[in-house]
2 protein chains.
Amino acid sequence: MAIQPRQKPETVSTQYALDDQIGFILRKVSQRHTAIFAAAFPDLTAPQWATLAKLYESGPTSQNQLGRLVALDAATIKGVVDRLGARGLTMTAPDPADARRVVVALTEAGRKEAERGFPVAEAVTVETLAALSVEERAQLVQLLKALE
Amino acid sequence: MAIQPRQKPETVSTQYALDDQIGFILRKVSQRHTAIFAAAFPDLTAPQWATLAKLYESGPTSQNQLGRLVALDAATIKGVVDRLGARGLTMTAPDPADARRVVVALTEAGRKEAERGFPVAEAVTVETLAALSVEERAQLVQLLKALE
DNA sequence: GGACAATTATTTGCATACAAATGAATTTGG
DNA sequence: CCAAATTCATTTGTATGCAAATAATTGTCC
């Protein structure tokens, strides 16, 4: 069947505009953030950086707990930790107190990478929010945190 | 080397708080939206729905152009269109005017699915934003659109 | 103490995302 | 008009993201 020219959908009054939906807007803003992040961190993804930064501030943490802290489910945090470990930024060891657990920690290289990254990550945030005034930035963060 | 208990990073004054960074917050809000969306649309992902909705409002569109309209790159829109096509919601045909192009259009089933979906998608937006007042919702959308 | 529930980590499968490379077709500029 | 640049679609490879199933371990509670 050939494709016919579209007929105006007169019967269905569609107020719905995809471009105004919060989910669609969130995805586009996230895409822009991802691009800014990638330019600033050529060798780390945002979830990888989040994992490094959280390990730095929390210290050695079990893998699943670490995942909860950085909002990555068990399957995803495993992959992230595996890749960070393969690059020598993290190390793992069994938890002596709980045989189910794997404790993840930064290596010295991981600590240094985190410390190098902090100002860069700040710059990523600033660049992402550059179109907004200081008040608007605070407002946006506050509104988004209400939706977490 | 065994994992040592963390030492407080006194040397590095870290104002940086991952949980306050816009990228991290965006990811968490997107995750919540994804969960709400999945509960409302058990058989469609958000990008699939976006594609259906945009096809409904724009009519037959070349695949890459469609991707631009829904913010999916050429590789990603191809997969989405393939899966929608496999389910009979879209159909494709070569563009007679340009042999490079593939024109994507809704099938009758796709049109019906879109029309069924509009009110559901509205409800997803409402539920995602439920924690905010009407003014705050408008404010949030306005701020996010400034960052697109 | 022991059955049962819950937690932890792993694995598989599917669906975005995006970079990069490719080949075919079209557009552009001189 | 024609060589170069651009566009379009596809393919490959890597990295999330999430559901579901599994095995091992630990916690609960009667």
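These numbers were taken from a predicted model, which means no experiment stands behind them. Throughout, a chain's letter reflects where its sequence line sits, starting with A, and its residues are numbered from 1. Just so it is clear, the values below take in all heavy atoms, side chains as well, and ignore hydrogens, waters and symmetry mates.
- Closest to the side chain of B:T45, out of C:dA15, D:dT10, C:dT10, is C:dA15.
- Within residues 75-88 of chain A, the residues having any heavy atom under 4.0 Å from DNA chain C are, by residue number, A:A75, A:K78.
- At whole-Å resolution of the value, CG in B:L66 and P in D:dC8 are 13 Å apart.
- With sequence neighbours left out, the salt bridge (Lys or Arg N to Asp or Glu O under 4.0 Å) criterion links B:D98 to B:R100, B:R101.
- Dense packing is recorded around NZ of B:K145, with more than 12 heavy atoms of other residues, nucleotides or ligands lying under 6.0 Å away.
- Ring orientation note: the planes of A:H33 and A:F37 are tilted relative to one another, at an angle of 30° to 60°.
- Aromatic ring centres of B:Y16 and A:Y56 lie farther apart than the 6.0 Å criterion allows.
- A donor-acceptor contact shorter than 3.5 Å is absent between the side chain of A:T76 and the backbone of A:L72.
- Considering only the side chain of B:S62, D:dA9 comes nearest among D:dA9, C:dT10, D:dT16.
- Between A:L72 atom CG and C:dT16 atom P the separation is 20 Å, expressed in whole Å.
- At least one side-chain heavy atom of B:L52 sits less than 4.5 Å from a side-chain heavy atom of B:T90.
- Taking 4.0 angstrom as the limit, A:Q65 places none of its side-chain polar atoms (N or O) nearer than this to OP1 or OP2 of C:dA9.
- Residues from residues 22-40 of chain A lying near DNA chain C, meaning a heavy-atom separation below 4.0 Å, are A:R27, A:Q31 in numerical order.
- Counting non-hydrogen atoms under 4.0 angstrom, B:D73 reaches a base of the nucleic acid.
- For the side-chain hydrogen bond (donor to acceptor under 3.5 Å, both in side chains) test, residues two or more places apart in sequence or in another chain that qualify with A:R68 are A:Q65.
- Taking 4.0 Å as the cut-off between side-chain N and carboxylate O, B:E115 and B:K112 do not count as a salt-bridged pair.
- When atom types are taken as modelled, the side chain of B:R27 and the backbone of A:V70 share a donor-acceptor pair closer than 3.5 angstrom.
- When ring centroids are compared, A:F118 and A:W49 come within the 6.0 Å threshold.
- Among C:dA17, D:dT10, C:dA9, the nucleotide with an atom closest to any side-chain atom of B:V102 is D:dT10.
- A salt bridge links A:R116 with A:E113: the distance from a Lys NZ or Arg NE/NH1/NH2 to an Asp or Glu carboxylate oxygen falls below 4.0 Å.
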What nitrogen or oxygen pairs link the protein and nucleotides 2-7 of chain D at under 3.5 Å?
from	atom 1	to	atom 2	distance (Å)
D:dT7	O2	B:R100	NH1	2.8

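- Distance from the side chain of B:N64 is smallest to D:dA9 among C:dT16, D:dT26, D:dA9.
- Note on the helix from C:dG1-D:dC30 to C:dG30-D:dC1: terminal axis deviation equals 30°, with five pairs used at each end and the result rounded to 10°.
- The distance between atom CG of B:D95 and atom C1' of C:dT26, rounded to the nearest whole Å, is 12 Å.
- Nearest-nucleotide positions on DNA chain C for A:D98 and B:A46 put A:D98 closer to the 5' end.
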Intermediate values then yes/no, side chain to side chain contact (heavy atoms under 4.5 Å, CB included), A:I22 and B:L144:
CA-CA 9 Å; A:I22 188 67; B:L144 284 175; 3.6 Å; yes
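- When all heavy atoms of A:L69 and A:S58 are compared, the pair lying nearest together is CD1-OG, 4.0 Å.
- Contacts of A:A74 with the nucleic acid, taken as non-hydrogen atoms under 4.0 Å apart, include base atoms.
- Residues B:R83 and B:K78 fail the side-chain proximity criterion, which asks for heavy atoms closer than 4.5 Å.
- Rounded to an integer number of Å, the gap from B:D43 CG to C:dA15 C1' is 14 Å.
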